[in-house]
Structures are given as structure tokens and as C-alpha cells.
Visitor: 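The structure under discussion is supplied below as C-alpha cells; questions concerning it will follow.
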Amino acid sequence: MFCSHCKQDAIIYLPYSKTHLCEKHFKEMFDKRFRATIREFGMIKKGERIAIGVSGGKDSCVLLYSLAKLREVLPFEIVAITINEGIEGYRNKTLEFAKQECEKLGIEHHTFSYKKEVGMTLDEIMKKKGTEEIPCSYCGVMRRRLLNNAARDLNADKLALGHNLDDIAQTVFMNIMRNEPLRLARLNEPLVEDDKFVPRIRPLMRAPEKEIAIYALVNGIEIDFQECPYAKHAFRAHIREQLNETEEKYPGTKFKIVNSFFAIEKALRKGLQGEEKFEMKYCKQCKEPSANDVCVFCGMVEQLQAI
Ligand code: SF4
């Protein structure tokens, strides 16, 4: 097959736009969309310090690479943060990739661990909690806290995360299926602001997961296709499978879900703010912003220490 734009061999077919692309045109399309997303949401301003959450997986390594490249036309600072959850046989390998990619690009890199900050690894937490608990519920809360605090301590203006189009479409669906309108409303922007929260940006949110993997390969970014061993227990894994099946039959579905979310986002936020009171409190224990007297993070740690 030839590229839809030139006579070169195509390396990818995009069913949602019915186009074949060669390496050159694929890279151009990917970079253009990445930069357009940053512009559309005003994600990065000249001179800002951007912390990037780099797990060492394909999404975060491509994010790191693409942001480093963007600095050729928009001067800003980058610092990379890796969180080591302590997942035997999985995280050590991706940590190496994160370190290696940062070194290649000359980016300052800091690692934080659950063991040091929470007192136990995720594996230890799951041993305590037993198999009926969902690892991601603990991991998500803890990683969010560690990333935010690390970005704040490193004086970052924003925290960039590698969430892709698939992740966002899944999150929209999950929040609807769990009847979590508040979570949905704050997916892209917090409902309340606080100096202690580092604003999060997701420059890859319009990039499908498969295209990120191909972009990594054609740009020589080393990636590991191994998935977190706990991922299969998550509700997300089920939604992911369903959405992939639908995308296969009806190409463009994931783009449509994400675009629908952005079309209703404003109305949703406005509607909810009319009904709910967003009173920001501070956790009695850690003094971080919280909806309750004790934040979810401290509640979890306390519960784990009591077992
Ligand atoms: Fe943590 Fe779940 Fe992600 Fe694994 S899949 S790293 S347990 S959030």
C-alpha cells in the first residue's frame, strides 16, 4: 500500500480517516496533532517549568520525547518524575527505560517510591489487603498524591501526564457507568483550585494508543509491551476491551467519545456547580486539600497501618 500523500510505502492505516501514511507523513501528522492539542487548551506557556510523569511505558516516553522536541520552537523547562510503586518483575524494567530516555534527552530525572513515602510497596499493600481488593484503587490515589507533591516540590508550573485518547475515552465511560458525574466534570480541569494542586495537562489526549506505540518504534524510543500485572483486575480493563471491540467495528468511536465529552464539559461543570457546594477543606493529618476532614490518602494509609 502507498501513502495517501506520496508514493512511499505506507507503514500505517488509519481507519477513522481512511488514510495510509508513510513514516514521514505519519510523524508529521502525529507532531501536528500533539502541538495543536497543546495550543487548543493553552497547556504550556513560554518559560514555564513542566514536570512530566514518566513511568517508562510507551505513552510517557513518547510524551517526554515530544515535549523535549517542542522546546525547539517553544522555550520551557522540563523535569521528569518517576514513581516506583514497587511491583515485582514489572516496575524495575520500566524504571530503567525512564532513566535511559531521560539521559538520552538530557532531562533532569527524580524517582520517588511508595516504600519511602507510604512505608510499603504496592505488592506489600496487596498482600495485606488480600486478593478481593482492587490494586488500582490504592495505586491511583497514592500515585496522584506522590506525583502532585513531587511536582510541587520541584517548583513545576504544570504536571504533564501521558494519558492517551484510549485512556480518556475509557475514563469518560467509566465515570458514566459508575454514576460519577463530579469525577467526569473534573476530568480535564479541577472544579476547585488550590495553590497546593499542580495543574495537570495531557498533551497526548488526542493520540490513539496504537499510534503512540508506532510513533515510539519509528523514533527509536525503546518500549516494553509488558503490562502491569495488576491491570487485569481493574474495571478499566473491561471497558478497554469493550471500546476496542467497538472501535474495530466503528472506527472513530474513541475520538467521538472524547469530542462528545468536550462538547458537554462546560454545561456539565456549570450544572453541577449550581447544585453542589465545593467547599475546600484541608486534611487534619497531612494538611493537603481534601473534601473531608481526613483525605482519602491518609485514610488509606491509616487503614493499612492498622492491618
Ligand atoms: Fe497501579 Fe493499576 Fe496502573 Fe498497575 S495498572 S500501575 S496497579 S494503577
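Ligands are counted one by one from 1 in listed order, and the atoms in each one are counted from 1 as well.
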Visitor: Checking a contact table here: which protein heavy atom is nearest atom 3 (Fe) of ligand 1, and how many Å away?
Guide: R143 NH1, 4.0 Å

Visitor: So, 4.0 Å and heavy atoms of E227: is ligand 1 close enough to count as a contact?
Guide: no

Visitor: If the cut-off is 4.0 Å to any non-hydrogen atom of L122, which atoms of ligand 1 fall inside it?
Guide: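 Within the 4.0 Å cut-off of L122, ligand 1 contributes 7 (S).
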
Visitor: Is atom 4 (Fe) of ligand 1 less than 2.8 Å from at least one N/O/S atom of C228?
Guide: yes

Visitor: Just do the salt bridge (charged side-chain N to carboxylate O under 4.0 Å, His left out) check on E245 and K249 with the steps written out, would you?
Guide: CA-CA 7 Å; E245 210 177 284; K249 276 191 192 160; 5.0 Å; no

Visitor: Counting non-hydrogen protein atoms only, what is the nearest one to atom 1 (Fe) of ligand 1? Give residue, atom name and distance.
Guide: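 Among all protein heavy atoms, the one nearest atom 1 (Fe) of ligand 1 is C139 SG, 2.3 Å.
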
Visitor: How about CZ on F173, more than 12 heavy atoms from neighbouring residues, nucleotides or ligands closer than 6.0 Å, or not?
Guide: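 For F173, atom CZ is not crowded (no more than 12 foreign heavy atoms under 6.0 Å).
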
Visitor: Give me the ring orientation class for Y215 and F30: parallel if the planes are under 30° apart, tilted from 30 to 60°, perpendicular past 60°.
Guide: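 The arrangement is parallel - the two ring planes meet at less than 30°.
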
Visitor: So which protein heavy atom does atom 2 (Fe) of ligand 1 come closest to, and at what separation?
Guide: C136 SG, 2.3 Å

Visitor: Less than 4.0 Å between a side-chain N and a carboxylate O, is that true for K24 and E28?
Guide: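 Between K24 and E28 there is a salt bridge, with a charged N closer than 4.0 Å to a carboxylate O.
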
Visitor: More than 12 heavy atoms of other residues, nucleotides or ligands under 6.0 Å from CD of Q242: is that the case?
Guide: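 Enclosed: over 12 neighbouring heavy atoms sit under 6.0 Å from CD of Q242.
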
